[in-house]
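None of these values were measured; they are calculated from a predicted model. For this chain, numbers begin at 1 and follow the sequence in order. Both ligands and their constituent atoms are indexed starting at 1 by order of listing.
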Amino acid sequence: MKSIHTAVREQFSQHANYYARSSAHATGDTLDVILDFAEPNGTERTLDIATGTGFTAFKLASKVAYVIATDLTPEMVTKAAELADEKTIKNVNFSVAAAESLPFANASLDLVTCRIAPHHFQDVPAFLSEVHRVLRTDGLFCMVDSVSPEPKKLIAWQNRVEKLRDDSHVYGYPPSEWDAMIMNAGLSLEKTAHVRNAEMSFLWWVRPESNPPEIVQEIRDAFAKLSPDEAKEYYTVRPAGDDFYFSWPMYAVKARRM
Ligand SMILES: C[S@@+](CC[C@H](N)C(=O)[O-])C[C@H]1O[C@@H](n2cnc3c(N)ncnc32)[C@H](O)[C@@H]1O
């Protein structure tokens, strides 16, 4: 069986340009909340894990000492580095690294961020243990990820739908499981928030150009099976002709290394 890291690289190596142009990733509350939670003072040695095409790293760059931006997929790192050049951002360095095995010294960083990525990680406890290891005492971890709602039925529904669309999706944990894993890793939870990205068009998100029509239909049917309350409350579903708009629930966390 293909490893999760291989599935991630296969998926994201094809989509570096799609992400670089994605307004759902380039802006929005999920980016702002990281800045709000981090409250940088200009001196932070910062690591942005799973940086993708660098949106979080770029937003932080002018507010911290420097950012090391890492990602598992070389094509994403290459694209992010090109964008940094275009934007003439000088204090961001890029490298290829897995979240579960970071090539940085113990206690060498003040701030670690990670946005909309851990649902692709093969081992979230290993990732959190690495975050704990590389942060200095009192250093901050600020994260946002798409999460499942707490009801068990919706945890199963959402993970099935996400995996159908993208086989590099691993697991969207509900917030209660995130809280428990973060505390188990030796980080103390200081703040949490429920946030959303901009609504996405289903027909854009489902990538009909790379997913076969029967998979697109299966995902569409899964959305149609949600009750009207579930569709509205958890996924902000809004019909629009043949298409519909929706958003995933996201969870933001500010935690301090003890
Ligand atoms: C949705 S994209 C990136 C989002 C980006 N953080 C942002 O704010 O726009 C998810 C990224 O996670 C990366 N990724 C997935 N699994 C990873 C892992 N185990 N270690 C490091 N990066 C990983 C993928 O290569 C991809 O670039």
Side-chain angles (χ1 to χ4, degrees), residues 2-38 46-61 67-84 87 89 92 94-104 111-131 133-134 141-147 162-163 165-173 195-198 200 204-205 207 247-248 250-253:
K2 182 158 71 171
S3 79
I4 296 295
H5 281 181
T6 303
V8 163
R9 286 198 177 107
E10 282 179 7
Q11 178 68 230
F12 284 97
S13 61
Q14 296 168 47
H15 295 299
N17 287 327
Y18 165 98
Y19 270 96
R21 287 194 305 266
S22 164
S23 57
H25 289 87
T27 58
D29 291 351
T30 56
L31 206 45
D32 296 339
V33 74
I34 291 209
L35 264 291
D36 278 2
F37 278 9
T46 303
L47 169 64
D48 184 42
I49 297 176
T51 197
T53 51
F55 296 128
T56 309
F58 299 152
K59 186 101 180 173
L60 283 161
V67 185
I68 305 165
T70 60
D71 198 281
L72 186 65
T73 308
E75 289 81 355
M76 293 297 258
V77 171
T78 302
K79 187 76 204 173
E82 271 172 37
L83 291 176
K87 293 171 190 285
I89 296 175
V92 182
F94 298 93
S95 62
V96 175
E100 298 89 348
S101 172
L102 297 170
F104 306 110
L111 173 64
V112 174
T113 58
C114 186
R115 172 173 174 259
I116 324 183
H119 58 279
H120 294 286
F121 294 173
Q122 68 184 18
D123 188 342
V124 167
F127 152 63
L128 292 172
S129 152
E130 282 292 81
V131 169
R133 181 183 67 74
V134 299
F141 171 52
C142 298
M143 180 203 93
V144 177
D145 199 20
S146 59
V147 289
E162 288 256 58
K163 188 98 192 156
R165 176 226 182 214
D166 170 0
D167 73 351
S168 72
H169 175 88
V170 176
Y171 199 72
Y173 291 93
V195 287
R196 288 201 182 253
N197 252 15
M200 297 178 287
W204 171 81
W205 168 80
R207 290 198 202 115
S247 62
W248 292 131
M250 303 256 172
Y251 190 52
V253 169

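- Considering all non-hydrogen atoms of both residues, C114 and F141 come closest at CB-CE1, 4.4 Å.
- Here is the list of ligand 1 atoms found below 4.0 Å of a heavy atom in G52: 3 (C), 27 (O).
- The N/O atoms of A98, backbone and side chain alike, include none that comes under 3.5 Å of an N/O atom in ligand 1.
- In this structure a side-chain-to-backbone donor-acceptor pair under 3.5 Å is present from R133 to F104.
- The parts of L72 lying near ligand 1 are both backbone and side chain, judged by heavy-atom distances below 4.0 Å.
- In terms of N/O distances under 3.5 Å, ligand 1 is not approached by M76.
- Taking each heavy atom of W248 and S146 in turn, the nearest pair found is CB-CB, 4.3 Å.
- Considering backbone and side-chain N/O of H25, none are found under 3.5 Å from N/O of ligand 1.
- Ligand-side atoms of ligand 1 in range of H120: 15 (C), 16 (N), range being under 4.0 angstrom from any heavy atom.
- Taking atom 15 (C) of ligand 1 as the reference point, the nearest protein heavy-atom neighbour is V8 CG1, 3.3 Å.
- Residue contacts with ligand 1, taken as heavy atom pairs separated by less than 4.0 Å, do not involve Q122 at all.
- Closest to atom 8 (O) of ligand 1 among all protein heavy atoms lies R115 NH1, 2.7 Å.
- The residue A26 has no part lying near ligand 1, judged by heavy-atom distances below 4.0 Å.
- With hydrogens left out, the protein atom closest to atom 2 (S) of ligand 1 is F12 CE2, 3.7 Å, a heavy atom.
- Neither the backbone nor the side chain of R9 has a heavy atom within less than 4.0 Å of ligand 1.
- The aromatic rings of H120 and F12 sit perpendicular, their planes meeting at an angle over 60°, well past the 30° parallel limit.
- Under a cut-off of 6.0 angstrom, the local environment of NZ in K87 is sparse, with at most 12 non-hydrogen atoms contributed by other residues, nucleotides or ligands.
- Any N or O atom pair closer than 3.5 Å counts here, and D71 shares at least one such pair with ligand 1.
- Distance from atom 19 (N) of ligand 1 to its nearest protein heavy atom, with residue and atom name: E100 OE1, 3.0 Å.
- A side chain to side chain contact (heavy atoms under 4.5 Å, CB included) with L102 is found for exactly one of I68, V134, V112, namely V134.
- Taking every heavy atom of both residues into account, A20 and F55 meet most closely at O-CZ, 3.6 Å.
- Residue H5 has at least one heavy-atom neighbour below 4.0 Å for each of these atoms of ligand 1: 19 (N).
- Residue T51 touches ligand 1 through its backbone alone, judged by heavy-atom distances below 4.0 Å.
- Nearest protein heavy-atom neighbour of atom 20 (N) of ligand 1: A99 N, 2.8 Å.
- Inclusion of T56 in the set of residues having an N or O under 3.5 Å from an N or O of ligand 1 is warranted.
- With hydrogens and angles disregarded, no donor-acceptor distance shorter than 3.5 Å links the side chain of R115 to the backbone of A57.
- Every heavy atom of Q11 sits 4.0 Å or more from the atoms of ligand 1.
- Taking every non-hydrogen atom of A117 and a distance limit under 4.0 Å, the qualifying atoms of ligand 1 come out as 10 (C), 12 (O).
- Looking at D48 and T113, their side chains do bring a donor and an acceptor atom within 3.5 Å of each other.
- Closest to atom 16 (N) of ligand 1 by heavy atom, among F121, F127, F55, is F121.
- Residue E100 holds its CD atom at 6.0 Å from CG of D123, rounded to the nearest 0.5 Å.
- Minimum heavy-atom separation, P118 to M143: CG-SD, 4.2 Å.
- Although no hydrogens or angles enter the test, the distance criterion places no donor-acceptor pair under 3.5 Å between the side chain of R196 and the main chain of D29.
- Between A16 and M76, the shortest heavy-atom distance links the atoms CA-SD, 3.5 Å.
- Protein heavy atom in closest approach to atom 12 (O) of ligand 1: A50 CB, 3.5 Å.
- Atoms of ligand 1 found under 4.0 Å from any heavy atom of Y19, numbered from 1 in the order shown, are 1 (C).
- For atom 1 (C) of ligand 1, the closest non-hydrogen atom on the protein side is I116 O, 3.2 Å.
- In this structure, A80 and G54 approach most closely via the heavy-atom pair CB-N, 4.0 Å.
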